Amino acid sequence: MADATNKEEKSLNFLEEIIEEHLNNGTYKSIVTRFPPEPNGYLHIGHASSICLNFGLTQKYPGYTNLRFDDTNPVTEETEYVESIKDDVRWLGFEWKYERYASDYFDTLYEYALKLIDKGLAYVDDSTSEEMAAMKGTPTEPGKDSPYRNRSVEENRDLFVRMKNGEFQDGARTLRAKIDMAHINMLMRDPILYRIKHAHHHRTGDIWCIYPMYDFAHGQSDSIEEVTHSICTMEFVPHRELYDWLIEKLEIYPSHQYEFARRNINYTVTSKRKLLQLVNENYVTGWDDPRMPTISGLRRRGYTPESIREFCDRIGVAKRDNMVDVGLLEFCVREHLNKIALRRMVVFDPIKVVITNYNGSGEVLQSENNPEDANAGLREIPFSREIYIERDDFMENPPKKYFRLAPGQMVRLKSAYIIKCEQVIKAADGSIVEIHCTYMPESKSGSDTSGINVKGTLHWVSAASALEVEVREYDRLFRVEYPTDEEGDFKDYINPGSLKVVKGYAEPALAAAKPEDRFQFLRKGYYCLDKDATDEKLIFNRTVTLKDGWAKEVKKG
RNA sequence: UGAGCUAUGGUGUAACGGUAGCACUACAGAUUUUGGUUCUGUCUGUCUAGGUUCGAAUCCUAGUAGCUCAACCA
């Protein structure tokens, strides 16, 4: 990014092309976009694309972006969601110009409805939802006019005011636009504008008992805010005709809608309904469960905002259907964490190594906090006669090209000495109790004069000073690539191994871990402290594993 | 069986009538006190059929395929 000047210009996505065109031909001097979540769930990785897009556009071009909550359905919306959404947008690194709510405009919207009635373009319909569905027609057959379609303006006005005043029960009447029941676009077949809901709204309380539908709130809110580019996903393409119709008939500021294809990611689900099920039915511990594709889940998992922004940037924006490989998300987080994570050593499945010719005590070694970052400094690691190494870093009968510890074989202990396996001590049942090694005193890391070259380097931890920690190893939540496309319930395809809780033996420096720290446990993966951790008990979440070339080698056989 | 949208390697995305490129993945190799990182190389693509043109991924026509549309959800 810093040397963008000497690179050829990055190609524009189709929205940037449209905007540059508008800016160049003077349609607009600056632009206004908005991010319009409905506060009925937590934001997920799919929303991140939309956030990066909308806010990114006004970082790149003159203008600003509003955060606007589409809160027109009080029965599903809650303040908790409003707060989480604001947190998540900020955490991702974006700040809005104005915080707005569709509910801020309820008075105006009501006036707009009256205006439509007065123009003879809206009517109150007494039909039940079943009757309306029956009259709606199908994509291939025209619908039928409602018997209430030709009420007088006066009657419509009277009825609508009474709807607002609470004289009718939920569902008793609706306000509909009077367009064309035979329209080829189903959304233009007299769409419902207002419905009656005697429900408590998270912001307007009990003032209203009629609420506008999406189509009579979204475009109008855009218009009120003078949004120039109202960007949404492809499923709203058919709505655009209605969007434009309402703005035209209302004679208000002409915002315009542009659509891009929602980003899909394999091995996960991103429908709010499904995510809500996972939470409510306790398949996960909450919206911020580290296995969830929510922003708060990814955050708790240890993803960085930078890595998520990078991911959104790499997958781009287009109009065609897509299925992004979750591996790219993992690549992005590894790429960032590699640069910033502090290196630490943790042994998960320990086997004791006794260094029989070592008689030192209190020796302290130094190791770099991050070989990618000289400014990260060094840390101290105690060394001793008894250490732990990973059980699978030792094999009695190793295959070819096994560079780890084996009888007679030598390895480097990271930032310490070279050791040689001399003897394997076993219990009566044949299981390995400990391994006896000798070390090469002149092979000390940083001042090695031994002249010995070893292929393998192991992480280790001094037995006496090892800290016992809990590690939560997360894997993808679903075991199939397209959970939604499978037979039956998507929940049947949850990966039973998506969470494994294991014990780890950590080097003492980890005692100072703070919530915002990111770690690479050497040769294992990237980890962060979980919010469940206490001073007595350190708990780490595995963000993502390191790439494992050896595992691949083994698999090949 | 109406209408709309979309079709470029395994995946995502460029090329705006003029050499199909980039990234991820995969594979091979080099470097490495993390079998990580880094570096080098390789494989794989324009949905089909016609047409326009000196020249088509790009423009036109017709097919085909996928997605979307019949919530008092957004």
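Computed from a prediction, not measured in an experiment: that's the story for all the values here. To find a chain, count down the sequence lines: A is the first, B the second, and so on, and within it residues start at 1.
- Applying the 3.5 Å distance criterion, the base of B:rU33 shares a donor-acceptor pair with the side chain of A:R412.
- The phosphate of B:rU13 has OP1 or OP2 within less than 4.0 Å of a side-chain N or O from A:R263.
- Checked by distance alone, A:H183 brings no side-chain donor or acceptor within 3.5 Å of a matching partner on the base of B:rA3.
- Between A:R195 and B:rA71 there is no side-chain N or O to OP1 or OP2 distance below 4.0 Å.
- Nucleotide B:rA23 is matched to B:rU11 when pairs are restricted to Watson-Crick or G-U wobble geometry with both distances under 3.5 angstrom.
- A sub-4.0 Å separation between OP1 or OP2 of B:rA14 and a side-chain N or O of A:R314 is absent.
- For the OP1/OP2 pair of B:rU33 and a distance below 4.0 Å, the side-chain nitrogens and oxygens of A:K455 include no atom meeting the criterion.
- A donor N or O paired with an acceptor N or O is not found under 3.5 Å between the base of B:rU33 and the side-chain atoms of A:S415.
- For B:rA28, one of the phosphate oxygens OP1 or OP2 lies less than 4.0 angstrom from a side-chain nitrogen or oxygen of A:K556.
- For A:I315, counting side-chain heavy atoms from C-beta on, the closest listed nucleotide (B:rC73, B:rG12, B:rU37) is B:rG12.
- Under the Watson-Crick or G-U wobble criterion, with both distances below 3.5 Å, B:rG4 is paired with B:rC67.
- When both distances must be under 3.5 Å, the Watson-Crick or G-U wobble mate of B:rC54 is B:rG18.
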Self-check item: Step-by-step ring pair (Phe, Tyr, Trp, His ring centres under 6.0 Å) determination, A:Y358 to A:F383
Solution: CA-CA 10 Å; A:Y358 183 84; A:F383 186 72; 5.1 Å; yes

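- Across the protein-nucleic acid pair, A:D180 atom CG and B:rA70 atom P stand 17 Å apart, rounded to whole Å.
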Self-check item: A:F106 and A:H201: CA distance, side-chain angles, deciding distance, ring pair (Phe, Tyr, Trp, His ring centres under 6.0 Å) verdict
Solution: CA-CA 12 Å; A:F106 281 174; A:H201 187 278; 5.6 Å; yes

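- Here the separation of B:rC59 from B:rU53, taken at their C1' atoms, is 10 Å to the nearest Å.
- Taking the 5.5 Å centre cut-off and the 30° plane limit, the aromatic side chain of A:Y214 is not classed as stacked on B:rA74.
- Contact between the side-chain N/O atoms of A:K552 and the OP1/OP2 oxygens of B:rC27 is found at a separation under 4.0 Å.
- In terms of phosphate contacts, A:K197 brings a side-chain nitrogen or oxygen within less than 4.0 Å of OP1 or OP2 of B:rC73.
- Comparing B:rU52 with B:rA62, their C1' atoms sit 15 Å apart, to the nearest whole Å.
- Position along RNA chain B of the nearest nucleotide to A:Q520 versus A:E77 favours A:Q520 as the more 5'-ward residue.
- Side-chain rings of A:F160 and A:Y194 approach one another, their centers coming within less than 6.0 Å.
- With sequence neighbours excluded, the residues satisfying side chain to side chain contact (heavy atoms under 4.5 Å, CB included) with A:D475 are A:N495.
- One donor-acceptor pair, N or O on each side, does fall under 3.5 Å between the base of B:rG35 and the side chain of A:R404.
- Across B:rG4 and B:rA15, the matching P atoms stand 26 Å from one another, rounded to whole Å.
- Projected onto RNA chain B by closest heavy-atom contact, A:P139 and A:L458 fall at different nucleotides, the more 5' of which corresponds to A:P139.
- Counting distance only, with no hydrogens placed and no angle test, the side-chain atoms of A:E372 and the base atoms of B:rU38 include no donor-acceptor pair under 3.5 Å.
- Taking atom CG on A:L242 and atom C1' on B:rA3, their separation rounds to 16 Å, with Å as the unit.
- Of the side-chain N and O atoms in A:T138, none sit less than 4.0 angstrom from OP1 or OP2 of B:rG2.
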